[in-house]
Amino acid sequence: MMNHMATPRPEPIELHAHAMDNLKYIRDTLERAGSFTAVPGTGGMLMGSTALAAAWVADRQTSTGGWLAVWIVEGLVALLVGVVGASLKSRRVNMALLSGPGRKFIAGSAPAMLAAALLTAVLYRAGLASLLPGMWLLLYGTGVVSGGGASVRVVPLMGACFMLAGAAALLLPQSRGDIVLAAGFGGLHIVFGTIIAVKYGG
């Protein structure tokens, strides 16, 4: 009786390698799904431009109340610009504004923004308005980092830069508030807005 040599079986795919392939696929899918940024680049650039104008006007106010009023108006204008910009971008890419990354960005960033609004009233009443620029930048950055986890990588990086700017403003007592706010809300929005507009479709 003739012995037949057993046909060699192909080696099984290692579980670890298979899992890594799956993780890579999931990561790539999430990256593509998050390519719609909650704050579009063009909107971010416009927000930065209005912040520079607000810094110029605020620096010329003769009272703390007038200074605060300028920045509150700027905050409302920036919010409107962000919402309109996100709405226009969502239409352009055929994605619902409040689905996927957009909704996650709002849910992640809203708590920090609400905390900033409350602390603004508290610090102003306590006569500590000099702390407001650093607090605004720090909490705004915190919200962007938290909400930006559902978006492209440059968004949380932008948030981290806002946090650093806020920390610097709080730790450097001689820093001028309007210069810090112009560099943060003005400069950082323009720089990162340009990056987002160029790399991520507006």
Side-chain angles (χ1 to χ4, degrees), residues 23-52 54-55 71 74-75 77-79 81-90 92-93 95 97-117 119 132-172 175 177 179-202:
L23 285 174
K24 183 178 184 305
Y25 172 77
I26 293 170
R27 189 181 302 113
D28 291 343
T29 301
L30 288 175
E31 182 70 19
R32 287 193 298 271
S35 62
F36 171 71
T37 56
V39 178
T42 304
M45 293 165 65
L46 185 55
M47 290 164 70
S49 300
T50 61
L52 291 177
W71 282 109
E74 161 57 19
V77 170
L79 177 62
V81 169
V83 170
V84 172
S87 178
L88 292 175
K89 184 172 182 179
S90 66
R92 190 166 61 250
V93 297
M95 180 183 291
L97 180 61
L98 296 180
S99 68
R103 186 173 64 246
K104 291 179 181 178
F105 185 92
I106 294 172
S109 60
M113 305 307 174
L114 292 174
L119 285 173
L132 291 177
M135 183 273 290
W136 287 338
L137 289 165
L138 181 62
L139 287 181
Y140 181 78
T142 301
V144 172
V145 169
S146 179
S151 188
V152 289
R153 294 175 184 175
V154 71
V155 174
L157 175 60
M158 177 178 72
C161 289
F162 273 103
M163 292 181 69
L164 288 174
L170 290 171
L171 296 174
L172 299 175
S175 62
I179 293 177
V180 171
L181 290 171
F185 289 126
L188 289 177
H189 268 141
I190 291 173
V191 170
F192 281 95
T194 302
I195 294 172
I196 293 170
V198 171
K199 293 190 64 176
Y200 300 102

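Worth knowing before you read on, the calculation uses all heavy atoms, side chains too, and leaves out hydrogens, waters and symmetry mates.
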Do you know the tightest heavy-atom contact between [X] and [Y]?
X: Gly186; Y: Ala51; result: N-CB, 3.7 Å
X: Ala169; Y: Val180; result: CB-CG1, 3.6 Å
X: Phe192; Y: Cys161; result: CZ-SG, 3.8 Å
X: Pro133; Y: Gly177; result: CG-CA, 3.7 Å

State, with a plain yes or no, whether a side-chain heavy atom of [X] is found less than 4.5 Å away from one of [Y].
X: Met163; Y: Thr142; value: yes
X: Met45; Y: Thr194; value: yes
X: Val155; Y: Ile196; value: yes
X: Leu137; Y: Leu164; value: no
X: Leu138; Y: Phe162; value: no

Steps toward side chain to side chain contact (heavy atoms under 4.5 Å, CB included) verdict (Val154, Lys199) = CA-CA 10 Å; Val154 71; Lys199 293 190 64 176; over 6 Å; no
dist Thr50:OG1 -> His189:NE2 (nearest 0.5 Å) comes out at 8.5 Å
Taking atom CG of Leu188 and atom CE of Met47, what is their separation to the nearest 0.5 Å?
-> 12.0 Å
How are the rings of Phe185 and Tyr140 set to each other: parallel, tilted or perpendicular (split at 30° and 60°)?
-> perpendicular
Keeping the roles fixed (side chain from Ser146, backbone from Gly143), state whether a donor-acceptor pair exists under 3.5 Å.
-> no
Going through the checks in order, is the side chain to side chain contact (heavy atoms under 4.5 Å, CB included) test met by Ser109 and Val144?
-> CA-CA 6 Å; Ser109 60; Val144 172; 5.9 Å; no
Evaluate the criterion side chain to side chain contact (heavy atoms under 4.5 Å, CB included) for residue pair Val145 and Leu157; output intermediate values, then yes/no.
-> CA-CA 7 Å; Val145 169; Leu157 175 60; over 6 Å; no
